[in-house]
Amino acid sequence: MAGKIASLLSGVTPQTPLETSPTTDVALTGTALSFENIHNLRDLGGLYSRDGRRLRKGRLFRGGNPGLASPADLAQLRTLGLDRVIDFRAAEEKSVEERGFANAFEWIALPVLEGSMGMSELVTRLRASTRQEMDDFMLQTYRDFPVKHQAAFGRFMREAETGRTLLYHCTTGKDRTGFATLLLLSALDVVPETILANYLESNHWNQRLIQGLLTRLAPLGVSPEVAMPLLEVRAGYLQESLQTIEQEWGSTARFLSDALSVDVQGLQTHYLAERSD
């Protein structure tokens, strides 16, 4: 599976051979930050591009929902120097308790999967579904990312083109955030194996959150077997997005250039440090 995904990640400079680098031996997937009420928040700094350059630290952060940040969390977030926070959640996933965070940072809403990610909708789906049906739901969700949600992900990439310091997130920081990270790291020509490792790492950092959600879902008649496809990431999910991109555009590079009009060179100038840095 990993080899198939790596072959689909054609990169944006395909003439450059895949070199042996620190990330091909040991996948460095950035730095996880510890918060009281925020899950799966990571600095992408330190990841390597194919030509050996490294992403600058403290510039690009991915995460789960920071909206319910504690006072200590807010203080820590302020030290990151965030220019903008990009939120892929739909309106039904938000709550009035998040106003404190929204007032503290410039927060841009780029909703993806509207109408299907609210708790009532998800619980209804989970109670009526089998494990296979939830697998199929997630696979279709990932097929839809590059086709139905180009506007949101394209706007995200344009925000990154400005070179700002960004935190981007969804609810648990794994699916919509995972696909956005695929696009961003592909444009930055990060080693394919590292892109996959970074994606799968959400399962590790969300362990406590997953256990809490399973506990909440059990009294509602939802079994762990049925819920897990929704709560974790799998290599096969990301492969569905990549295969859709390959079928429709031929490569990730073509999707970035033709569908999203991404300025790849500009992104790399902003976020990749030269080898001597």
Side-chain angles (χ1 to χ4, degrees), residues 1-2 4-6 8-9 11 23 27-33 38-45 47 55 60-66 85-90 93 110-113 116-117 122 134-135 137-150 152-157 159-160 166-188 190-207 209-210 213 227-246 252 255-256 260 262:
M1 181 71 75
K4 174 63 174 176
I5 289 177
L8 290 169
L9 285 166
T23 53
L28 301 175
T29 56
T31 302
L33 306 181
I38 307 172
H39 298 273
N40 198 18
L41 200 152
R42 292 178 263 155
D43 182 352
L44 297 178
L47 305 186
L55 270 70
L60 295 169
F61 299 89
R62 59 170 293 175
N65 176 30
V85 177
I86 297 174
D87 185 357
F88 293 119
R89 294 175 304 154
E93 298 174 76
L110 298 179
V112 175
L113 302 178
S116 62
M117 297 304 291
L122 288 174
M134 287 309 301
D135 279 334
F137 170 73
M138 293 304 299
L139 292 169
Q140 187 59 53
T141 294
Y142 274 77
R143 294 185 200 109
D144 289 342
F145 281 154
V147 177
K148 293 185 177 181
H149 303 289
Q150 285 184 31
F153 290 116
R155 171 70 187 280
F156 162 69
M157 295 300 287
E159 287 294 329
L166 302 177
L167 165 60
Y168 58 98
H169 72 92
C170 50
T171 295
T172 60
K174 65 182 184 70
D175 297 312
R176 291 162 288 187
T177 299
F179 182 73
T181 303
L182 163 70
L183 299 178
L184 187 58
L185 296 184
S186 295
L188 294 171
V190 167
V191 176
E193 292 83 357
T194 300
I195 296 177
L196 177 59
N198 185 270
Y199 169 76
L200 293 174
E201 195 176 344
S202 285
N203 288 335
H204 173 75
W205 297 113
N206 278 340
Q207 284 183 25
L209 176 64
I210 290 171
L213 289 170
M228 285 308 293
L230 181 69
L231 299 180
E232 65 183 2
V233 293
R234 301 176 183 175
Y237 295 165
L238 199 63
Q239 182 174 331
E240 291 298 312
S241 291
L242 289 165
Q243 287 181 330
T244 300
I245 288 171
E246 183 181 51
T252 311
F255 177 70
L256 290 168
L260 302 186
V262 174

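Every value quoted in this text rests on a predicted model; they were computed, and no experiment measured them. As a basis for the values below, the full set of heavy atoms in this structure was taken, side chains included, without hydrogen atoms, waters or symmetry mates. When a residue number appears, it is its place in the shown sequence, counting from 1.
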* To do: Evaluate the side-chain contact (heavy atoms from CB on, under 4.5 Å) criterion for residues Leu242 and Leu182: first the C-alpha distance (whole Å), next the side-chain angles of each, then the deciding distance (0.1 Å), finally the verdict.
  => CA-CA 9 Å; Leu242 289 165; Leu182 163 70; 3.9 Å; yes
* Asked: Could you walk me through whether Asn40 and Leu209 pass the side-chain contact (heavy atoms from CB on, under 4.5 Å) check?
  -> CA-CA 9 Å; Asn40 198 18; Leu209 176 64; over 6 Å; no
* Could you walk me through whether Leu185 and Leu55 pass the side-chain contact (heavy atoms from CB on, under 4.5 Å) check? -> CA-CA 9 Å; Leu185 296 184; Leu55 270 70; 3.9 Å; yes
* **Test side-chain contact (heavy atoms from CB on, under 4.5 Å) applied to Phe255 and Thr244, step by step** => CA-CA 10 Å; Phe255 177 70; Thr244 300; over 6 Å; no
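Under the 30°/60° scheme for interplanar angles, the aromatic rings of Phe156 and Tyr168 are found to be tilted. Between Phe153 and Phe88, the angle of the ring planes lies from 30° to 60°, which puts this pair in the tilted group.
Distance CZ/Phe145 to CG/Leu238: 10.0 Å, rounded to 0.5 Å. From Cys170, atom SG reaches atom CD1 of Ile86 across 12.5 Å, with rounding to the nearest 0.5 Å. One distance of note links OG1 of Thr177 with CZ of Arg89; it measures 10.0 Å at 0.5 Å rounding. Thr172 OG1 to Leu231 CG: the interatomic distance, rounded to the nearest 0.5 Å, is 8.0 Å. In this structure, the separation between CD on Glu93 and OG1 on Thr171 is 3.5 Å, given to the nearest 0.5 Å. A distance of 6.5 Å separates CG of Leu44 from CG of Leu184, quoted to the nearest 0.5 Å.
Leu196 and Ala235 get closest at one heavy-atom pair: CD1-CB, 4.2 Å. Closest heavy-atom contact between Ala187 and Val262: CB-CG1, 4.5 Å. Between Leu167 and Pro66, the closest heavy-atom pair is CD2-CG, 4.2 Å. Here the closest heavy-atom approach between residue Leu110 and residue Ala152 is recorded as CD1-O, 3.6 Å. Contact detail for Asp175 and Leu230: the closest heavy-atom pair is OD2-O, 4.3 Å. Between Leu183 and Leu256 the shortest heavy-atom distance is O-CD2, 3.9 Å.
At least one donor-acceptor pair closer than 3.5 Å links the side chain of Arg176 to the backbone N or O of Val112. Here the side chain of Asp43 pairs no donor or acceptor atom with the backbone of Thr31 at under 3.5 angstrom.
Arg62 pairs in a side chain to side chain contact (heavy atoms under 4.5 Å, CB included) with only one of the listed residues (Asn198, Leu166, Leu41), which is Asn198.
A side-chain donor from one of Arg42 and Ser202 sits under 3.5 Å from a side-chain acceptor of the other.
By the 4.5 Å heavy-atom criterion applied to side chains, Tyr199 and Thr181 are not counted as neighbours. Contact annotation: the side chain of Thr141 never approaches that of Tyr237 to less than 4.5 Å [non-hydrogen atoms, C-beta and beyond].
Pairs engaging residues 230-245 under the salt bridge (charged side-chain N to carboxylate O under 4.0 Å, His left out) rule: Asp135-Arg234, Arg143-Glu240, Glu232-Arg234 [sequence neighbours left out].
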